Amino acid sequence: MAKQAETAITPTREEDYPEWYQQVVKAADLAETSPVRGCMVIKPWGYAIWENIQRELDRRFKETGHKNAYFPLFIPMSFLQKEADHVEGFAKECAVVTHSRLEAGEDGKLEPAGKLEEPLIVRPTSETIIGELFSKWVQSYRDLPLLINQWANVVRWEMRTRLFLRTAEFLWQEGHTVHATAEEAMQETLKMLSEYADFAENYMAVPVITGEKTEAERFPGAEATYTIEAMMQDRKALQSGTSHFLGQNFSRSSNIKFLNADGKEEFAWTTSWGVSTRLIGGLIMTHSDDNGLVLPPRIAPAHLVIIPVTPKEETRQEVLDYCLGLKKDLEAQGYMDGRVKVEFDDRDMRGGEKAWSWIKKGIPLRVEVGPRDMQKNSVFVGRRDRAPKDKQSVGRDEFVAGIAGLLDAIQDSLLNKAKQFREEHTKEITTEAEFIEFFTPENPANPEIHGGFASVGFCCDAELEEKISKEHKVTVRCIPTETLDEVVKCAFTGKPGKRVIFAKSY
RNA sequence: CGGGCCGUAGCGCAGUCUGGUAGCGCACUUCGCUGGGGGUGAAGGGGUCGCAGGUUCAAAUCCUGUCGGCCCGACCA
């Protein structure tokens, strides 16, 4: 017997969390780095997760009255300039297109030629270009509300990138809406935030805290930014989606005006909201273990894999046929608003290796079927949320009939586990000393996983916030919606403050 | 963009200090044994050593530059 690592992924989370993350992505074959700096190639298994995210979110957007549209990748540089905070926030990370063609020089080397009169930027977000179009689309209060979403790629020239969590190019959706009143726009902002929160918890089994960002963390140009924040297994926070109340800032800079019912011209109120492929990073870091990816059934590209075990040539065909019959019956079962999705893995390779490859890919259920199971009319089932060797023999028909319930049970167990983890590492803190202790590792030279979410009274003074963030590398993740009305003594100044969540973050 | 480490076969690495014409493990291919577990024996295929200059009779090895990766920091809508 060759020695195998006790875990399929090395290093373990405990040993080296960032490296573990990389290895999980690789072992599950989700994505890889590309020849272009900071960009990623999303491979079929990873892209299928994104398609599932898209499908469910798109359904929700449409259900809440939004329509999809598409706006250009390129934005004239002057557009970005229109909103002062916005340009300041994004200018440093824009990819700029300056030429329109290539020409071969004397040495045969290609060189950019045909310099553009006005440079184009590759959209880092589309407020400015969409605003330009909206100013034409909106004339009357009868045109409102205007509820638009686009699925697109955006580019932000980040200094330091990590697959799914921060890449130079990423896929996302951005909702952009226009309203006649501030109240209505605010309502929209909060409605979409709660859609995100509901989706994260109920589809991705990622529990999130919803809340408002402080001024320092706000979207450039927004009046208010709301966020869903999730806790990863290294206890850091991941901002997983944002929804912005833009006030009249962008309608003023883009000139989005309408005539109200009284015949008076008014600036409109706008919102924007988005989630990205970063959600996949959050999914990975919420559920996966030292054997690789763990996928909640509702977001998994496939719910189960059937692995035929064919030790003897004479029973081989019989087992394969039995498996195909099982596959057909399972695929006839409904799950959520679709069907049970089944992979059939008859690749010619060793059984153990094959099973491990699916464990690393995070498939919720592994169903192994050999001659003995066939004789008993049963199947041998392993759940991804349990240990690899923890497998049970279940009657075939019982298994087929109970498949949806079993998938729900896995979904629930993953959500509960994640919630429990978050509870265990969320601490109510009332003094600065306690705060510092919470966020200081025992071994600063090689910091172990430590800290978590600190629920703290905070006076929300911007200078103090910056000082704390610099000194302890901790930021205010949000002012949670749930405890918004609470008045809590500030742990740093003693003044009356709000309850906020402090954490280290991605 | 600053600091550290690193680019040698698909992957992981040795060889670099002390220049002499490329190796190991895994993976891959074929055959055998094994057959409810990532097992095993044998025989094979695969690399202009990230790229570009320079030094030298000779460069994976020394020098310069450059590109890329990872970690830390700054930044992160």
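Numbers restart at 1 for each chain; the letters A, B, ... are given by sequence-line order, proteins then strands. Please read these numbers as outputs of a predicted model, since none were measured by experiment.
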Give A:E83 one of three labels, base, sugar-phosphate or nothing, depending on what nucleic acid heavy atoms sit under 4.0 Å from its own. nothing

Checking ring-ring contact (aromatic ring centres under 6.0 Å, His included) for the pair A:F458/A:F502: CA distance, chi angles, key distance, verdict? CA-CA 10 Å; A:F458 185 53; A:F502 272 98; 5.2 Å; yes

Which nucleotide in B:C72, B:G38, B:C76 has an atom nearest any side-chain atom of A:E158: B:C76

With both distances kept under 3.5 Å, what pairs with B:A9, Watson-Crick or G-U wobble? none

Who pairs with B:C70 - Watson-Crick or G-U, where each distance is under 3.5 Å: B:G4

When you measure from the side chain of A:P18, which nucleotide among B:G38, B:G37, B:C72 comes out closest? B:C72

Side chains of A:L120 and A:V96: does their closest heavy-atom pair fall under 4.5 Å? no

Is there a Watson-Crick or G-U wobble partner for B:U64 with both distances under 3.5 Å, and which nucleotide is it? B:A52

What nucleotide, of B:G37, B:G36, B:G73, holds the atom closest to the side chain of A:D373? B:G36

Both A:K26 and A:P371 contact RNA chain B. Taking the nearest nucleotide for each, which residue is further toward the 5' end? A:K26

Under a 3.5 Å limit for both distances, which nucleotide forms a Watson-Crick or G-U wobble pair with B:U16, could you say? none

Spacing of the P atoms in B:A9 and B:A22 (rounded, Å): 15 Å

Gap separating the CD1 atom of A:I403 from the CD atom of A:E398, nearest 0.5 angstrom: 11.5 Å

Indicate, yes or no, whether a donor-acceptor pair under 3.5 Å links the base of B:G37 to the side chain of A:E353. no

Protein-nucleotide distance (A:D348, atom CG; B:U29, atom P), rounded to Å: 9 Å

With rounding to the closest Å, how many angstrom separate the P atoms on B:U61 and B:U16? 12 Å

Using heavy-atom distances to pick each residue's nearest nucleotide on RNA chain B, tell me which of A:K312 and A:R156 is more 5'. A:K312

Can you see if the side chain of A:K473 gets near the phosphate of B:A74 - specifically, an N or O under 4.0 Å from OP1 or OP2? yes

Gap in Å between the two C1' atoms, one belonging to B:G19 and one to B:G37, rounded: 50 Å

Spacing of the P atoms in B:G32 and B:G12 (rounded, Å): 33 Å

Interatomic distance at C1', B:G46 relative to B:U30, whole Å: 15 Å

Can you check the distance between B:G47 and B:G2, where both ends of the measurement are the P atom (answer in whole Å)? 37 Å

Answer yes or no for A:K236 and A:Y506: cation-pi contact, defined as NZ/CZ to six-membered ring centre under 6.0 Å and angle to ring axis within 45°. yes

Answer with base, sugar-phosphate or nothing: what part of the nucleic acid does A:K391 contact at a heavy-atom distance below 4.0 Å? base

Distance between the C1' atoms of B:G50 and B:G41, in whole angstroms? 38 Å

If pairing requires Watson-Crick or G-U wobble contacts with both distances under 3.5 Å, which nucleotide is the partner of B:C31? B:G41

Which heavy-atom pair separates A:V476 from A:E217 by the least distance, and what is that distance? O-CG, 3.9 Å

Considering every strand and a 4.0 Å limit on heavy-atom distances, what is the contact class for A:G38: base, sugar-phosphate, or nothing? sugar-phosphate

Calculate the interatomic distance between A:Q23 atom CD and B:C70 atom P; express it in whole Å. 12 Å

How many whole angstroms separate atom CG of A:D29 from atom P of B:G10? 17 Å

Please report the distance, rounded to the nearest Å, between OH in A:Y17 and P in B:C70. 17 Å

Quickly work out the A:R350 CZ to B:G37 P distance and round it to whole Å. 11 Å

Between A:D16 (CG) and B:C71 (P), how many Å, whole number? 8 Å

Considering only heavy side-chain atoms of A:R160, the closest of B:G37, B:G73, B:G38 is B:G73

Is there a donor N/O on one and an acceptor N/O on the other, under 3.5 Å, for the side chain of A:R37 and the base of B:G68? no

Pairwise P distance for B:A14 and B:G7, with rounding to whole Å: 7 Å

Could you check whether A:F380 gets within reach of a base, just the sugar-phosphate, or nothing at all, counting any heavy atom under 4.0 Å? base

Is A:E471 atom CD crowded by more than 12 heavy atoms from other residues, nucleotides or ligands, each under 6.0 Å away? yes

The Watson-Crick or G-U wobble partner of B:G47, with both key distances under 3.5 Å, is none

For A:T189 and A:S243, which I'm curious about, is there any donor-acceptor pair between the side chains at under 3.5 Å? no

Could you state the atom-to-atom distance from CH2 of A:W20 to P of B:C70 in whole Å? 17 Å

Quick check on B:C75: is either OP1 or OP2 less than 4.0 Å from any side-chain nitrogen or oxygen of A:K470? yes

Length of the CZ-C1' vector between A:R166 and B:G73, whole Å: 14 Å

Could you tell me if the side chain of A:L73 sits less than 4.5 Å from the side chain of A:N153, heavy atoms only? yes

